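Below is one structure; the comments refer to it alone.
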Amino acid sequence: MKPKTIIEPFKIKSVEPIRFTTRDEREVLLKDAGYNPFLIHADDVLIDLLTDSGTSAMSAKQWAGIMEGDEAYAGSKSFFRFEAAVKNITHMKYIIPTHQGRAAEKILFSIVGGPGKYFPNNTHFDTTRANIEFSGAEAVDLLNEVGKHPEIRADFKGNMDIEKLEAFIKEKGAENIPLCMITVTNNSGGGQPVSMQNIRETKEVCKKYNIPLFLDACRFAENAYFIKKREKGYADKTPLEIAQEMFSYADGATMSAKKDALVNIGGFLALNDEELATKCRNLLIVTEGFPTYGGLAGRDLEAVAQGLLEVVDENYLEYRIRSVEYLGEKLISLGVPIIEPPGGHAIYIDAKRFLPNIPADQYPGQSIVCELYLEGGVRASEIGSVMFGKYDKNGKLITAMMELVRLAIPRRVYTQSHVDYLIEIIEEVYNNRNKLKGYEIIYEAPILRHFTALFKPLR
Ligand SMILES: *Cc1c(COP(=O)(O)O)cnc(C)c1O
């Protein structure tokens with residue numbers, strides 16, 4: 001039988017119109033925003049690919065849950081539904097709701113972190129690193145070599161380097177490593193998956209030295225689907241069974257529900273250690289709220305519980321991973337340089353290869369981001385020297401390792417024709433690449449400058 005087109009596994013019952021603008025209007029809007037798409041009003045964007053975080057479309061059942069939310073301060077019915085949904089996937093004993101992933105991180109690392117402590121990970125996400133460093137501890141990335149090469153195609157480019165991990169534990173001493181993390185999928189490394197074998201082997205090393213293993217589980221379902229498709233022995237298992245096995249090797253997890261729980265706000269901390277859970281709950285009461293709502297409304301807990309059921313649906317995951325892959329394939333066939341293979345939640349354009357004539361200190365990624373907006377009202381984010389650039393003692397820019405443009409795909413929001421339009425816009429920008437100019441920064445904040453920096457196009 002001829003394979004059929006993979007379709008959106010939903011029909012649309014509520015729509016949000018998007019606003020069309022002309023190129024002339026966008027010229028003015030972009031200039032007024034200081035050539036920084038973060039400063040453009042979302043209403044002036046046609047297709048918004050700034051992030052996949054908190055931008056999911058909720059289902060009819062999730063919206064029904066919003067109405068059913070039990071807003072009791074303590075012991076709300078919605079909490080127990082939420083708790084059961086998280087337990088079903090993680091099989092962990094203590095489930096602590098938080099308002100975002102970073103709130104779970106803040107609580108966890110306030111307790112286990114501190115000066116002299118080390119936390120290895122395949123690649124720490126920015127907020128995880130920030131929370132570890134804020135506690136005075138050190139965050140260390142031990143990504144497998146292949147994950148560091150954007151042009152190499154491999155199945156599991158998010159894997160931890162097991163040998164480096166063991167050497168690291170021996171060097172720093174297990175007593176100084178309160179826990180080890182694995183981020184699934186590896187967000188900062190391009191949304192690349194981690195294999196079950198790698199999670200298992202990481203656990204074996206951790207167990208040998210008595211170090212708990214935690215998952216940064218934001219995209220656990222996307223990771224489970226990659227395992228199903230790519231790892232031997234998993235083709236006949238359901239995404240839920242695979243996710244359960246992933247969590248079975250972990251002693252705890254942090255999660256941003258804004259990703260694979262298909263909601264607009266929420267998160268949690270899942271733990272097996274009773275003593276640690278008690279400490280976390282006590283801190284939660286100070287910073288987030290009572291342990292049965294933790295910084296969320298009862299209705300949010302309902303939406304997370306339902307989202308966790310929907311996200312492990314195989315038809316959803318097939319559509320999700322395939323739609324990102326489809327975008328990647330088309331761009332590759334046009335010759336547009338991207339990180340290969342496509343990850344789970346985003347496509348990363350390699351701006352260095354796209355614009356070889358614009359040096360890193362003239363921000364080639366920013367140039368592409370601006371042009372995507374001008375050409376088609378598309379908003380993407382620069383992940384390069386604007387975001388990660390630093391200055392040396394003499395005020396000279398130290399550029400980032402890579403110059404990337406991220407096209408993050410919101411879940412269940414855009415259809416294939418949106419993606420086809422996006423491909424046409426990128427093609428147009430690529431064909432005009434010799435006309436693109438670099439940018440200079442005319443204002444920047446001392447930290448996290450990419451959010452508010454103002455730019456000027458170079459002539
Ligand atoms: C988004 C994210 C976080 C932080 O979650 P927030 O809900 O944004 O606070 C942590 N880790 C990873 C891998 C993420 O993608």
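Throughout, numbering of the chain's residues begins at 1 and tracks the sequence. When a ligand or atom number is given, it counts from 1 through the structure's own listing order. Side-chain atoms are counted along with the backbone in the values below, which use heavy atoms only and exclude waters and symmetry mates. Predicted, not measured: the structure shown is a model, and the values here were computed from it.
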Shortest non-hydrogen contact between Met246 and Val184, atoms and distance: CE-CG2, 4.0 Å
Sidechain N-carboxylate O distance under 4.0 Å for Lys93, Asp273: no
Salt bridge check, Glu325 against Arg322: does any charged N sit closer than 4.0 Å to a carboxylate O? yes
For Ser385 and Glu403, does a side-chain donor sit closer than 3.5 Å to a side-chain acceptor? yes
The option among Arg129, Lys259, Gln100, Glu105 carrying the non-hydrogen atom nearest to atom 14 (C) of ligand 1 is Lys259
From the candidates Thr254, Asp216, Thr127, the one that places a heavy atom nearest atom 13 (C) of ligand 1: Asp216
I'd like to know whether ligand 1 has Gly267 as a neighbour, heavy-atom separation below 4.0 Å. no
So for ligand 1, is [X] a polar contact partner (N or O within less than 3.5 Å, distance only)?
| X | value |
| --- | --- |
| Arg102 | yes |
| Thr185 | no |
| Ala103 | no |

Please verify the inter-ring angle class for Phe82 with Phe268; under 30° counts as parallel, over 60° as perpendicular, anything in between as tilted. perpendicular
What is the ring orientation for Phe109 with Phe119, classed by angle as parallel under 30°, tilted 30 to 60°, or perpendicular over 60°? perpendicular
Checking Glu138 against Lys117 for the salt bridge (charged side-chain N to carboxylate O under 4.0 Å, His left out) test, could you report, in this order, the C-alpha distance in whole Å, the side-chain angles of both residues, the deciding distance, and whether it holds? CA-CA 6 Å; Glu138 239 180 87; Lys117 300 282 198 285; over 6 Å; no
Is Lys258 touching ligand 1 with its side chain, its backbone, both, or neither, if touching means heavy atoms under 4.0 Å apart? side chain
Among all the protein's non-hydrogen atoms, which is closest to atom 5 (O) of ligand 1, and how far away is it? Ser256 CB, 3.2 Å
State the atoms of ligand 1, each with its element, that fall below the 4.0 Å cut-off from a heavy-atom position in Thr183. 13 (C)
